[in-house]
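One structure is given here, and the rest of the page talks about it.
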Amino acid sequence: MDIKKLAEGMQAQVVKWRRDLHQIPELGNELPQTSKYVQERLKEMGIPFVTMVNGSGIVATITGGAAGKTIALRTDMDALPLTEEAPVDFKSTNGRMHACGHDSHTAMMLGAAKLLNDHKAGMKGTVKIIFQPGEESPGGAKPMIEEGCLNGVDAIFGQHIGCLFGNFKESGKVIISHGNAMACRDVFTIKVIGRGGHGASPEACIDPIAIAAQVINGVYMIKARQIAALSPAVISICMVHGGTANNIVPQSVELQGSTRAVDQSTRDLIASKIEQVVKNTCASYGATYEFSFDKDYDITVNNAEMADLVIKSMQDLGMGDDVVPQPNPLMGSEDMSFYLNKVPGAYFFLTSVVQQDGNIYGHHNTKFMLDESVFSKGVALFVQITANFLGIKA
């Protein structure tokens, strides 16, 4: 079976599927149109499936001609709350946008599903194809796992497209890590509670705005002075809310932010140090506080043996020169991490770069675009990984 040639033969179809999906972006764990579209394609292929997460998640099953191991291939399907400005004639018009490439993830997985189903008689084992909602938010992996999508699975693989590594400007490279691939994402809320009053009499108040400013400076000093310089970490305060008028000192100010780390000890340190800063700063000015820190997405860690399988699969496709070792973990996060916590697997990146007016507009940008020519490579790699893990005869 010439997997590369078969995948190239799917290129036009995958592009069409991607463009169809691009025009119906949906958010979170509520993907009725997207899920319906995928289900219709699976029915056309004759691939059985079940739905999860109130019908928005899908697990398709392809059973080989002989018993064997079970591999899972995972893709995500949700979009972002952005109004698209990309210069394409298949632009979304509903105030949402596939600005992270999940439409292409879904289309490439449909292409892989078709090829695997067409050759299932020579396959030893089972393929589970996981179409997941809510990767951007609130997280669709956990409910999919809770509903049994990983039952019986021996290994899992996933892929992300785009230009996530700024120094890679060429399309068609596959970037793979043998360990930490992406950071965790944790979120926190700080409420500084003071005593409100008249802006002309600050001495009669406990000004939560001034205290919140000190908290912000103190929180940012954690990264600068309490975490080792070579230990990747990010602390970002992204929301500040407080006050109702220009002459009223408010009663409270609320801060919200997120943190990233690529090892568990740094993750735990950040959580404890933020609250310590808040507690001590508020106490020194006579304020009180409320604090919450929620561990959201885990660190995405590849299994080294499964990463080697991805590399071997690229070599078997005659694309070994396009493999690039991941230079460092991405500080973005992925709920692929929850699957990799349960079963060995690997998450890899397929570069797809488009320049507009000399600029490359990255993920989560209203002008985000993809080089569609790499889609067949993504299809081929998933099929080759499956063939190497299970064994598929022509």
Side-chain angles (χ1 to χ4, degrees), residues 72 74 76 130 132 134-146 149-150 153-160 164-165 175-190 215-216 218-238 255-280 291-310 325-349:
R74 173 265 194 181
D76 42 15
I130 299 170
Q132 177 205 305
E135 187 282 320
E136 298 290 352
S137 180
K142 277 189 173 180
M144 294 287 285
I145 293 169
E146 289 166 0
C149 74
L150 289 182
V153 169
D154 298 299
I156 187 166
F157 296 86
Q159 170 183 260
H160 205 302
L164 289 159
F165 298 85
I175 302 172
I176 182 76
S177 170
H178 282 77
N180 289 3
M182 300 185 75
C184 65
R185 180 183 76 189
D186 298 328
V187 295
F188 63 88
T189 299
I190 301 164
V215 167
I216 291 170
V219 166
Y220 283 154
M221 284 295 288
I222 295 169
K223 166 62 177 170
R225 285 295 177 265
Q226 295 183 287
I227 296 173
L230 295 179
S231 180
V234 175
I235 305 172
S236 294
I237 295 172
C238 299
L255 315 174
Q256 293 184 32
S258 61
T259 68
R260 316 274 174 157
V262 298
D263 70 80
Q264 193 63 41
S265 61
T266 302
R267 183 186 199 184
D268 295 337
L269 176 69
I270 290 171
S272 65
K273 290 296 183 182
I274 291 177
E275 183 165 20
Q276 187 178 70
V277 166
V278 176
K279 178 181 179 181
N280 292 342
F291 177 74
S292 66
F293 188 95
D294 296 316
K295 290 184 174 178
D296 194 14
Y297 289 7
D298 282 346
I299 300 163
T300 301
V301 183
N302 285 344
N303 175 279
E305 183 180 349
M306 298 298 107
D308 283 339
L309 181 60
V310 174
Q326 186 171 333
N328 50 262
L330 283 175
M331 298 313 292
S333 61
E334 248 285 349
D335 68 352
M336 178 74 183
S337 56
F338 296 118
Y339 300 110
L340 295 173
N341 287 345
K342 298 289 185 181
V343 296
Y347 193 63
F348 51 91
F349 304 92

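Model, not experiment: these values are computed from the prediction.
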Decide side-chain hydrogen bond (donor to acceptor under 3.5 Å, both in side chains) for His178 and Asp308; before the verdict, give the C-alpha distance in whole Å, the side-chain angles of both, and the deciding distance to 0.1 Å. CA-CA 8 Å; His178 282 77; Asp308 283 339; 2.6 Å; yes
Where do Val343 and Asn303 land on the side-chain contact (heavy atoms from CB on, under 4.5 Å) test, with the steps shown first? CA-CA 9 Å; Val343 296; Asn303 175 279; over 6 Å; no
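Counting heavy atoms of neighbouring residues, nucleotides and ligands inside a 6.0 Å radius, atom CD of Glu305 does not exceed 12 of them. Counting non-hydrogen atoms of other residues, nucleotides and ligands closer than 6.0 Å to NZ of Lys279 gives a total of 12 or fewer.
One finds the NZ atom of Lys342 at 12.0 Å from the CD1 atom of Ile156 (value rounded to the nearest 0.5 Å). With values rounded to the nearest 0.5 angstrom, Ser258 atom OG is found 12.0 Å from Asp294 atom CG. Rounding to the nearest 0.5 Å gives a distance of 4.5 Å between CG of Asp186 and SG of Cys184. Going from atom CD of Glu334 over to atom OG1 of Thr300 covers 6.0 Å, rounded to the nearest 0.5 Å. Atoms CD and CZ, on Glu275 and Phe291 in that order, are 5.5 Å from each other to the nearest 0.5 Å. Atom CZ of Arg260 is separated from atom OG of Ser333 by 4.0 Å, given to the nearest 0.5 angstrom.
Between the side chains of Asp268 and Gln264, a donor-acceptor pair is found at a separation under 3.5 Å.
A search for ring pair (Phe, Tyr, Trp, His ring centres under 6.0 Å) contacts involving Phe348 returns Phe382, not counting sequence neighbours. Scanning for ring pair (Phe, Tyr, Trp, His ring centres under 6.0 Å) contacts around Tyr339 gives an empty result, with sequence neighbours left out.
Nearest heavy-atom pair, Gln256 versus Thr189, reported as atom, atom and distance to 0.1 Å: CG-OG1, 3.7 Å. Ser177 and Asn302 make their closest contact through O-ND2, 2.9 Å (heavy atoms, listed as atom of the first residue, atom of the second, distance). In terms of heavy atoms, Ile299 sits closest to Ser337 at O-CB, 3.5 Å. Considering every non-hydrogen atom in both Tyr297 and Gly134, the closest pair reads OH-O, 3.6 Å. The two atoms that bring Gln159 and Tyr347 nearest to each other are N-CE1, 3.5 Å, heavy atoms only. Among all heavy-atom pairs drawn from Ile270 and Thr259, the shortest one is CG2-CG2, 3.7 Å.
Within the 6.0 Å centre-distance limit, the rings of Phe165 and Phe349 are counted as a close aromatic pair.
Using a 30° and 60° split on the angle between ring planes, Phe293 and Phe188 fall in the parallel class, below 30°.
With Asp335 as the fixed residue, the side-chain contact (heavy atoms from CB on, under 4.5 Å) test singles out one of Arg185, Met144, Arg74, Glu136: Arg74.
A salt bridge links Arg267 to Asp298: one of the charged nitrogens lies within less than 4.0 Å of a carboxylate oxygen.
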List, one per line, each side-chain donor-acceptor pair under 3.5 Å for residues 220-237, sequence neighbours excluded.
unit_1 : atom_1 : unit_2 : atom_2 : d
Tyr220 : OH     : Ile237 : N      : 3.0
Ser231 : OG     : Asp263 : OD2    : 3.4
Ser231 : OG     : Thr266 : OG1    : 3.0

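Residues Val301 and Leu340 have side chains not in contact (no heavy-atom distance under 4.5 Å, counting atoms from C-beta outward).
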